[in-house]
Amino acid sequence: MPAVRAIFISDIHLGTRASQAERLHAFLKEYESEYLYLLGDIIDFWAMSRSVQWAPAHNTVVQKVLRRARHGDKVFFIPGNHDETLREYSGIAFGDIRVENEWIHETIDGRRYWLIHGDEYDQVTRHHRWVAVLGDVAYNALVRLNLMLSRVRRLLRIPGYWSLAGYAKQKVKRAVSFIFDFEDAVAHAAQQRGVDGVICGHIHWAADRRIGNVRYLNCGDWVDTCSAVVEHYDGRIEVLHWGVQAVPQVRPDEHGVPAPAEPLAAAKSPLEVERIYLTPDV
């Protein structure tokens, strides 16, 4: 079992049908760590206010996190907009899990990374909440369609997981523009704080790039990308995708047209992932 110093995950959206809780459980079983950071939208109270879809696998993930905390992992929970009701408990520890609205993580080689969820730098969520809620409903409908497509792929014995929502983001120019506006805003705020980098979530778009003087990392999510950020014991920080084909990172050129870049690394092959997450123990 590989060990890393720190794991950063966000946007699990427990309580929804879209949550890839089984895959997250497999990932957490495979990777031990000293630090586990939960960077928001872990439990989707927005969606649960309309309909609760709490599967047994969601309980398994919660139990896994609690067990890691009991066994010595330093677990931090930074709430996002979908679990924002927990922000009022900032600074309080529940058992072995500490709740904070933001945090600074220092790597083994002394670099400082600012940890946030990121919704405060999303102008739609911040100033037009009703639009964000409407978009959330539409997004969930897209995810339900994706679940049907996934069943068809399994019947056809096509390995791995393919995200319709991730594909749509890649193809829609306006969505790509929004993503990079968000990234630039977060990176600018991190630079003002004098940190070496920022690690966040919120937009369901895993990324690792240099913006200005800071390194911007996004955990992605456990709905579309099944991705996480990890810090290794040699100081390396990288984004891992768990059995899901990574969406190529793109950046608009001077004409606003997205240009292709290298895909992010995959943590495991789809066949290896299927073997791991069918193991029943926690």
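Because the structure is predicted, anything quoted here is derived from the model rather than measured. For the single chain, residues carry numbers from 1 onward in sequence order.
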> Is it true that R5 and E231 make a salt bridge, defined as a side-chain N closer than 4.0 Å to a carboxylate O?
yes
> Of D96, L66, V65, which meets side chain to side chain contact (heavy atoms under 4.5 Å, CB included) against V75?
V65
> Salt bridge check: are R209 and E183 linked by an N-O gap of less than 4.0 Å?
yes
> Classify the side-chain pair N81/H202 by whether it contains a donor and acceptor separated by less than 3.5 Å.
yes
> Side chains of S33 and R68 only: does a donor on one sit below 3.5 Å from an acceptor on the other?
yes
> Using a 3.5 Å distance criterion without hydrogens, assess whether the side chain of S51 forms a donor-acceptor pair with backbone atoms of A47.
no
> Just by distance, do the side chain of D83 and the backbone of D44 share a donor-acceptor pair under 3.5 Å?
no
> Quick one: are I9 and L24 in side-chain contact, heavy atoms under 4.5 Å?
yes
> So, S10 side chain and C219 main chain: donor-acceptor pair closer than 3.5 Å or not?
no
> Checking Y216 against V186 for the side chain to side chain contact (heavy atoms under 4.5 Å, CB included) test, could you report, in this order, the C-alpha distance in whole Å, the side-chain angles of both residues, the deciding distance, and whether it holds?
CA-CA 8 Å; Y216 167 89; V186 171; 4.1 Å; yes
> Is it the case that H232 and E238 place a side-chain donor and acceptor less than 3.5 Å from each other?
yes
> Within the 4.5 Å heavy-atom criterion, are H105 and I199 side-chain neighbours or not?
no
> Heavy-atom distance under 4.5 Å between the side chains of D221 and W205, does that happen here?
no
> Distance from L14 atom CG to Q20 atom CD, nearest 0.5 Å?
11.5 Å
> Scan side-chain atoms only and decide if W54 and N59 contain a donor-acceptor pair under the 3.5 Å cut-off.
yes
> Please identify which of these residues, F76, W114, F77, Y113, meets the ring pair (Phe, Tyr, Trp, His ring centres under 6.0 Å) condition with Y37.
F76
> Let me confirm one number: the OG1-OH distance from T107 to Y35, rounded to the nearest 0.5 Å.
10.5 Å
> Using the side chain to side chain contact (heavy atoms under 4.5 Å, CB included) definition, which of the options L217, D208, V4 pairs with I237?
L217
> Distance-only, no hydrogens or angles: does the S90 side chain make a donor-acceptor pair with backbone N or O of R87 under 3.5 Å?
no
> About how many Å separate CG of L39 and CD1 of I78, when rounded to the nearest 0.5 Å?
5.0 Å
> For the residue pair S227 and H241, establish whether any side-chain heavy-atom pair is separated by less than 4.5 Å.
yes
> Do the side chains of D73 and E34 get nearer than 4.5 Å, heavy atoms only?
no
> Should the pair D196-R111 be classified as a salt bridge under the 4.0 Å nitrogen-to-oxygen rule?
no
> Just checking, is any N or O donor in the side chain of H58 or H13 under 3.5 Å from an acceptor N or O on the other one?
no
> Does the gap between the ring centers of Y121 and H188 come in under 6.0 Å?
no
> Verify the ring-centre separation between F27 and W222: is it less than 6.0 angstrom?
yes
